[in-house]
Amino acid sequence: MASNRKTVIVTGASQGIGAGIAQAFHARGYNVVATARDMSTSNEFKPAENAAFVDGQIGEPAVAAKIVSTAITKFGSIDALVNNAGIFFSKPFTEYTQEDFKALSSVNIEGFIYLTQGVVKQMLAQKSGGSVVSITASRVVNPIAGSPASVPMITKGGIEAITRSLAIEYAQEHIRFNAVAPGTVDTPMHANSPKDAMKALSPMGTISSIGEIVDAVVYLTEALNVTGEVLHVDGGAHQGKW
């Protein structure tokens, strides 16, 4: 069914930042295709008009194909994608296992590649441009002593690299690629984390809210002359030691 509304796909949309992003676009009048492993049981972004849910592991090609086909069948177009789904865990480099790397690669890298490929193919067919915004991490450029995360940052750093490459590859087609790199964010995942320790990770001594990350994603999605940008929302942490 064709729609005059723009359609956005949001991954990892069942909770936290992803649910906030999905809610924000829905409130702005977008059709929203929200996906996560257990999207249909989400308590944060509930079924609504002009919204569709897709359950599944984002790193599987068949799931990516289902997400794209759902958007096209239900809403008639794909105008934007937010690659929010991701996993992260911190441990010394020598303790990361083969299983750890496979899990990180499946969600953070394969999940980006398969879905973004399908979305770009549809945007090329539509010939009306589009936007892809991905969530990376401030730690890509500012590692934190005492909290090692070298292997997860291979994946997040790779997303920043491919974002810049794709921005040039598809500039003539007006398909824009950008990224948001959060620092410490006040999400349910950090509900039991000491707030003073979280504040110490920012030179401003602040913790970002979900809303601040959402605002950055919405801006990059709708900023028609911005591409290849990595927008840090981290209180200045990416600038280095303080």
Side-chain angles (χ1 to χ4, degrees), residues 7-26 30 32-46 51-71 78 80-90 99-120 130-140 149 151-163 166 177-182 185 187-190 208 210 213-214 216-218 220-221 230-231 233:
T7 300
V8 61
I9 295 170
V10 182
T11 71
S14 61
Q15 61 183 340
I17 293 171
I21 293 168
Q23 290 166 356
F25 278 112
H26 191 262
Y30 283 72
V32 177
V33 179
T35 180
R37 183 176 55 187
D38 299 308
M39 189 66 223
S40 59
T41 63
S42 173
N43 292 319
E44 294 188 39
F45 185 55
K46 298 182 182 299
F53 287 1
V54 179
D55 291 338
Q57 296 280 4
I58 193 64
E60 297 178 3
V63 172
K66 183 179 180 180
I67 296 166
V68 170
S69 66
T70 297
I78 302 173
L81 165 63
V82 181
N83 286 306
N84 168 72
I87 60 173
F88 170 86
F89 42 88
S90 174
E99 289 70 28
D100 289 338
F101 184 64
K102 286 182 177 179
L104 288 162
S105 298
S106 175
V107 177
N108 296 358
I109 297 179
E110 293 182 86
F112 172 95
I113 291 173
Y114 303 138
L115 182 55
T116 305
Q117 284 179 326
V119 165
V120 169
S131 167
V132 177
V133 177
S134 303
I135 303 296
T136 63
S138 176
R139 293 191 189 199
V140 168
V151 176
M153 290 310 106
I154 292 175
T155 64
K156 292 299 187 180
I159 296 304
E160 292 196 5
I162 198 171
T163 291
L166 293 174
F177 294 83
N178 295 290
V180 175
V185 184
T187 67
M189 182 177 67
H190 292 298
S208 297
I210 289 175
I213 308 305
V214 171
V217 170
V218 171
L220 289 174
T221 298
V230 178
L231 178 54
V233 186

Keeping Glu44 on the side-chain end and Gln23 on the backbone end, is there a donor-acceptor pair under 3.5 Å? no
Has Asp55 got a side-chain atom pairing as donor or acceptor with Met39's backbone, closer than 3.5 angstrom? yes
Point-to-point distance, once rounded to the nearest 0.5 Å, from [atom1] of [X] to [atom2] of [Y]:
X      : Y      : atom1 : atom2 : result
Lys156 : Ile135 : NZ    : CD1   : 7.5 Å
Arg37  : Ile58  : CZ    : CD1   : 12.5 Å
Phe88  : Arg139 : CZ    : CZ    : 4.0 Å

Does the plane of the ring in His26 sit parallel, tilted or perpendicular to the ring in Phe45? Use 30° and 60° as the thresholds.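 Perpendicular.
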Residue from [options] passing side-chain contact (heavy atoms from CB on, under 4.5 Å) with [X]:
X      : options                     : value
Val68  : Val54, Leu81, Val33, Leu115 : Leu115
Val82  : Ile9, Val32, Thr11, Val8    : Val8
Val180 : Val230, Leu220, Asn84       : Leu220

Looking at every non-hydrogen atom in both residues, tell me the closest pair between [X] and [Y] and how far apart they are.
X      : Y      : answer
Ser42  : Ser14  : OG-O, 2.7 Å
Ala216 : Leu231 : CB-CD2, 3.7 Å
Ala181 : Glu160 : CB-OE2, 4.1 Å
Ala36  : Ala13  : CB-N, 4.0 Å

Side chain to side chain contact (heavy atoms under 4.5 Å, CB included) filter on Val214, not counting sequence neighbours, yields Ile21, Ala24, Ile210, Val218
Determine whether Ile213 and Val185 make a side-chain contact, defined as any pair of heavy atoms from C-beta on separated by less than 4.5 Å.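 Side-chain contact under 4.5 Å: yes.
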Side chains of Val132 and Leu166: does their closest heavy-atom pair fall under 4.5 Å? no
Check each of Asn83, Thr116, Thr163 against Ser134 using the side chain to side chain donor-acceptor pair (under 3.5 Å) test, and report the only one that passes. Asn83
N/O donor to acceptor pairs below 3.5 angstrom from side-chain atoms of residues 102-109, sequence neighbours left out:
residue	atom	partner	partner atom	Å
Ser105	OG	Phe101	O	2.9
Asn108	OD1	Ile87	N	2.9
Asn108	ND2	Ile87	O	3.0
Asn108	ND2	Thr155	OG1	3.1

Assess whether side chain to side chain contact (heavy atoms under 4.5 Å, CB included) is satisfied between Phe177 and Ile162, documenting all intermediate values. CA-CA 9 Å; Phe177 294 83; Ile162 198 171; over 6 Å; no
